[in-house]
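Before I ask anything, let me first share the structure, which is written out below as structure tokens.
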Amino acid sequence: MSHATDMWTLYGAPFTSRLLIGSALYPSPAIMSEAILASGSEIITVSLRRQAPEEAGGQSVWTHIQKLNKTLLPNTAGCHSVKEAVTLAQMSREMFETDWIKLEVIGDDYNLQPDPIATVEAADKLVKLGFKVFPYCTDDLVICQRLRDAGCEVLMPWGSPIGTGRGLMNPYNLQTIRERLPDIPLIVDAGIGKPSHAVMALELGYDGILLNTAVAQASEPVVMAKAFRHALLAGRSAYLAGAMPERQTASPSTPTLGMPFWHQS
Amino acid sequence: MSHATDMWTLYGAPFTSRLLIGSALYPSPAIMSEAILASGSEIITVSLRRQAPEEAGGQSVWTHIQKLNKTLLPNTAGCHSVKEAVTLAQMSREMFETDWIKLEVIGDDYNLQPDPIATVEAADKLVKLGFKVFPYCTDDLVICQRLRDAGCEVLMPWGSPIGTGRGLMNPYNLQTIRERLPDIPLIVDAGIGKPSHAVMALELGYDGILLNTAVAQASEPVVMAKAFRHALLAGRSAYLAGAMPERQTASPSTPTLGMPFWHQS
Amino acid sequence: MSHATDMWTLYGAPFTSRLLIGSALYPSPAIMSEAILASGSEIITVSLRRQAPEEAGGQSVWTHIQKLNKTLLPNTAGCHSVKEAVTLAQMSREMFETDWIKLEVIGDDYNLQPDPIATVEAADKLVKLGFKVFPYCTDDLVICQRLRDAGCEVLMPWGSPIGTGRGLMNPYNLQTIRERLPDIPLIVDAGIGKPSHAVMALELGYDGILLNTAVAQASEPVVMAKAFRHALLAGRSAYLAGAMPERQTASPSTPTLGMPFWHQS
Amino acid sequence: MSHATDMWTLYGAPFTSRLLIGSALYPSPAIMSEAILASGSEIITVSLRRQAPEEAGGQSVWTHIQKLNKTLLPNTAGCHSVKEAVTLAQMSREMFETDWIKLEVIGDDYNLQPDPIATVEAADKLVKLGFKVFPYCTDDLVICQRLRDAGCEVLMPWGSPIGTGRGLMNPYNLQTIRERLPDIPLIVDAGIGKPSHAVMALELGYDGILLNTAVAQASEPVVMAKAFRHALLAGRSAYLAGAMPERQTASPSTPTLGMPFWHQS
Amino acid sequence: MIEVRVNSELKQVDAGKSLAALLADWGFDSGKVAVAINEDFVPRSIYASTLLKAADRVDIVSPVQGG
Amino acid sequence: MIEVRVNSELKQVDAGKSLAALLADWGFDSGKVAVAINEDFVPRSIYASTLLKAADRVDIVSPVQGG
Amino acid sequence: MIEVRVNSELKQVDAGKSLAALLADWGFDSGKVAVAINEDFVPRSIYASTLLKAADRVDIVSPVQGG
Amino acid sequence: MIEVRVNSELKQVDAGKSLAALLADWGFDSGKVAVAINEDFVPRSIYASTLLKAADRVDIVSPVQGG
């Protein structure tokens, strides 16, 4: 398989890069732009916030994001209720002129985890309103099934809590979701801290990764962005290549047949 | 940093790729050649065995290996004593016209681990004989120090037993070796099963990876070779980029300032 | 602290043992009885099933369970809907003459995980019907909060899927639940395979363990029951004793002061 | 099996407790004595150091240790050479009137790991001098075999570096040693931080544990000592009982046969 | 006679007979079982006054081991 | 004049003015913001015909970075 | 004639023949193999002057794949 | 008088005195210590017959807690 032809689709739109990247927490707008370009990502997450009129006018990161000319994925980050999430999604659709929405309904301010019940309810409402929903959810198979049943055509279980960089806390759950839902695009969202985490997710059969802090808060965001670009290619190829089975006991690679110095007496 | 300029040196010889790859266990010589080329590796491990005269004449994998025109790293795989290893090293030097030798002195036939004591003794002898020794050793800091003191200018601790594909069994030990021996090239040899394992090793600050089974025994060796090529670029860039610290608690990426729907009463 | 005084309470009832044990899957009713006695457990889970009249009459495990004269915790194992769970709970209350119910509403037949949404809904209904609900749930903090808000006075997050014996798949989530819900009794239910798993759970601050397969399917169920009895005492004492912090680097236990053989020159 | 009859022997001496405990780092001599008694341990590690004449006279922890009337295991902690270790062992034999010696030859001051080569050499010398050697070693199978060949009748591989409390860093290696050396008593020495670590070691088939910091530095050393006493009983029983195999997929404990509410249509 | 399902088996029963009487006919000891009809719980106290309708789904359960 | 909250700040506004006019007064470019009143979305197309009531809670947001 | 082991096979050889000549007899191309006698390395440069003794253990190896 | 190191401290001692006598002078109870000279073990049984040489390194240790 050649990477050129290894496309994937999200709500019918084809993409080559398997990295969705956030636009927050970079040292500067210029570094953000450079890092996003280095990452190869084609999809950028954005948000809506109250701003003073002069900022709302556009002297901000937003102008840099627009210049990148990438597909935008607005989020409902910070919403704590179905009502808030649905209204913010509608505002995003008008503002960003896209029916894509990354649905976040926070259920707890300590681990910032999604509220499973409210997320399913909001997803159902948004799908009925014509949105293409990218739900941020936990690694719970049943909640993932409910979201799919509500009409989500992609699911985004977390690896670990937002901003912790702990990677895949529960590979068993993530693998179970993949096995039980073989046909829907699965993206690990939140918790990715290092490229090895992203490679592991794709080795498990996940289709993509959504991250922000791991690149934005690296000492060298642009270099880390490049690292993740390679990581996603590595993980995807590894999945397609079919890794060797893990073995309990050692077995030599070099042939044992013809080993010198051995002489039957 | 650009990968072009991110070279490393082994006994004074500069290399770009951080992957050393074995030539055994492939489905066919043709696939071996294609996989090694796809891996980007510049160093191939080879060995010496008793063969019937007609094979020794060259109708074999060896002719394919020669065509690849890469740097050769002969090994002493299968040797169980200092004497065997030293003699096989001398035969390799003549046959392959290189003073490089991957030193393996097996200490146990169950886990195929190196014999720490015999490996240090053999390394000492080989260095005195003018060899450039690449010692395969366990993840034991003190043994690594002895090998360096014996004149080894590169060390190759195992990740896990040969052919198990278990990855890095003991990251703590590997990290300790890196911290205590910051200036010598460190290569994880043996146990790598998936690209994520290789990325982890380089994220820890290791300089390279030596593997064979993970590529040769993948369902699609050529695709897996490409996966490892990207994995090494990912891991190296991640190390240079300086990963974010892992955090115990969640912190939001999207700004909380200016969150709508909140009204002081 | 003396174990005699280290009691805990479930819905106002005091208990000394922190082990809740199942009555299924034992080699024989006699071994079940002996194992449960050896475990020191004071609470046994039971269920209701269709049986032929002659069995329903009582030539069964049930007679052995009654002889043990322990507190009974009927379950709704196998129920897939709120309706089924509520009805089976009512039948259990009449049959076992207890308002305690271990609430299970299965959401997926592959991993047998609880359905988070249906479990919260069923818990709410059962509490209103006067039941004392012991909800089997996943390690999801928000679902745990909803169950507590519905009136559950104890929570039973899983360690890993029923019968896998994989132990604590996600210690981070379990710890988060403990930190955020410091005052409600927490029991790890399902997935415990070895005594070390139980000790880990109590070291994390969990109050108890519910298990069945780990004892019933051990080669020697009675000996394993005793092992778990000690494990719960070990884990509880460890929690009360306050474990040393894990350290990154080594530090000697034997005094270094006064080490012989050292002489300043 | 009853614990009373589950004895083990070290150099021919029978013991019931599987815990060997250190006498250092306690808040006070009184707490040391109380903790050691609570731990049930029958073997206490001690050392020799330069002291001012008045202390050497005995106003010290030593008097408390003597009162406990336990079997003493003197150590060579802090020795960095074969010579130092052998001489200190001889001094210990005279002072403590025992031919038992816990052999420590430190190879690196950062991780305080044993020097594998010097430890084997010192063990060989000490055995020839009539000592009963308890070698502190790493989890290296080949070094363990050399120590056994040198005449050690017990081996003490580390779990992790002294005083780190990281538990079993490399269970795979520890398990390999147990499988390859089924008949010699194996004690995990160093790195144990929590009772769950000790239970894991015994579940792997290890015969005992040697620790100090985990009890001495707990907030409540006496309570932690009791926790470890139970942990060793739990771990040993678990090993004898034969744990259930870990399974990949869930399987119900409660019978599925006779589940109500199901009606064929 | 009407047809009902008892623990998923088809049975012909006399529409006039109480649940209490039917349980006895079927060999069950009322004190040792619990009953649901069409997935609704039926308390023991009303067995004597409970009549079945055609196509009713009757569940009769008794204690077993559980996990 | 009525009192409303705009992005949680109290403001006195002329009850007769349209949302479109008020946004302009407040310095916002209608094309660069999205608006909700009392947590209900207000499409741009009806700004001109939308009037505020006393105690309305108005949210005016614009694009920012997001994760 | 003396008896030696060549790659663990017993062979009768003419004690007077050089290793170089024997390799040729056995069908090996001297340029494509490396040799050890009794586990001691024998450089190619001395094949012509090397004679075998009875019971010598001769190893003749050539390149193969390795890991 | 000669100079020796005792537990790394320099001391002047009478070359004619036995180790037994010196230990007593220094305040040690022979029964409660173990001794090494120049890193070689000195058994208690020969303290009385042991003399020190100039620059000897003497170690005198006694029991302490250990891990």
Side-chain angles (χ1 to χ4, degrees), chain B residues 1-6 18 167-168 171-172 174-175 178 193-206 209 223 226-265, chain F:
Chain B
M1 66 92 232
S2 99
H3 288 306
T5 63
D6 177 42
R18 292 169 176 279
L168 310 186
Y172 181 92
L174 292 173
Q175 186 166 11
R178 176 75 292 174
K194 299 194 188 85
S196 54
H197 300 154
V199 178
M200 273 184 266
L202 269 66
E203 286 171 346
L204 284 175
Y206 275 61
I209 297 292
V223 179
K226 183 190 298 176
F228 274 102
R229 178 166 61 79
H230 286 294
L232 286 150
L233 294 171
R236 178 61 181 174
S237 294
Y239 174 68
L240 295 171
M244 64 178 281
E246 195 173 300
R247 301 199 188 102
Q248 181 61 20
T249 53
S251 68
S253 44
T254 303
T256 49
L257 185 71
M259 179 65 200
F261 310 132
W262 169 83
H263 296 271
Q264 64 209 125
S265 32
Chain F
M1 297 293 281
I2 56 172
E3 186 176 73
V4 298
R5 285 190 177 280
V6 178
N7 289 350
S8 91
E9 278 174 42
L10 284 175
K11 285 187 187 289
Q12 306 298 322
V13 304
D14 174 341
K17 273 198 175 179
S18 74
L19 176 59
L22 290 169
L23 286 170
D25 293 351
W26 297 329
F28 289 103
D29 171 343
S30 292
K32 293 179 171 169
V33 297
V35 176
I37 298 178
N38 302 329
E39 298 191 16
D40 287 316
F41 171 56
V42 179
R44 195 173 288 143
S45 56
I46 64 167
Y47 290 173
S49 58
T50 299
L51 298 179
L52 299 185
K53 307 180 310 303
D56 274 348
R57 286 172 284 103
V58 181
D59 275 291
I60 305 166
V61 296
S62 52
V64 297
Q65 60 273 31

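Throughout, protein chains are lettered first and strands after them, A, B, ... in sequence-line order, and every chain is numbered starting at 1.
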Review point. Got a sec: does the CG of F:Leu10 have more than 12 other heavy atoms crowding it under 6.0 Å?
Key: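 Above 12, so yes.
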Practice item. Indicate yes or no for a side-chain donor-acceptor contact from F:Ser8 to the backbone of B:Trp262 under 3.5 Å, with no hydrogens or angles considered. Key: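 The answer is no, because no donor-acceptor pair under 3.5 Å joins these two groups.
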Point to revise | Donor-acceptor under 3.5 Å (F:Asp59 side chain, B:Phe261 main chain) | key: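 Flag set: sc F:Asp59 to bb B:Phe261 pair under 3.5 Å.
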Practice item. Of all the heavy-atom pairs spanning B:Ser253 and F:Gly67, show the shortest one and how long it is. Key: OG-CA, 3.4 Å
Check your understanding: Among residues 35-44 of chain F, which ones touch chain B with a heavy-atom distance under 4.5 Å?
Key -> F:Ala36, F:Glu39
Per-pair distances, 0.1 Å, donor-acceptor, side chain in residues 46-53 of chain F, under 3.5 Å, sequence neighbours excluded:
residue : atom : partner : partner atom : Å
F:Ser49 : OG   : F:Ile46 : O            : 3.2
F:Thr50 : OG1  : F:Ile46 : O            : 2.5
F:Lys53 : NZ   : F:Asp56 : OD1          : 2.9

Exercise for review: Please name the pair of heavy atoms, one in F:Val61 and one in B:Pro260, separated by the smallest distance, quoted to 0.1 Å.
Suggested key: CG1-CB, 3.8 Å
**Study point:** Atom pair CE (B:Met259) and CG (F:Asn7), whose distance is rounded to the nearest 0.5 Å
**Key:** 12.0 Å
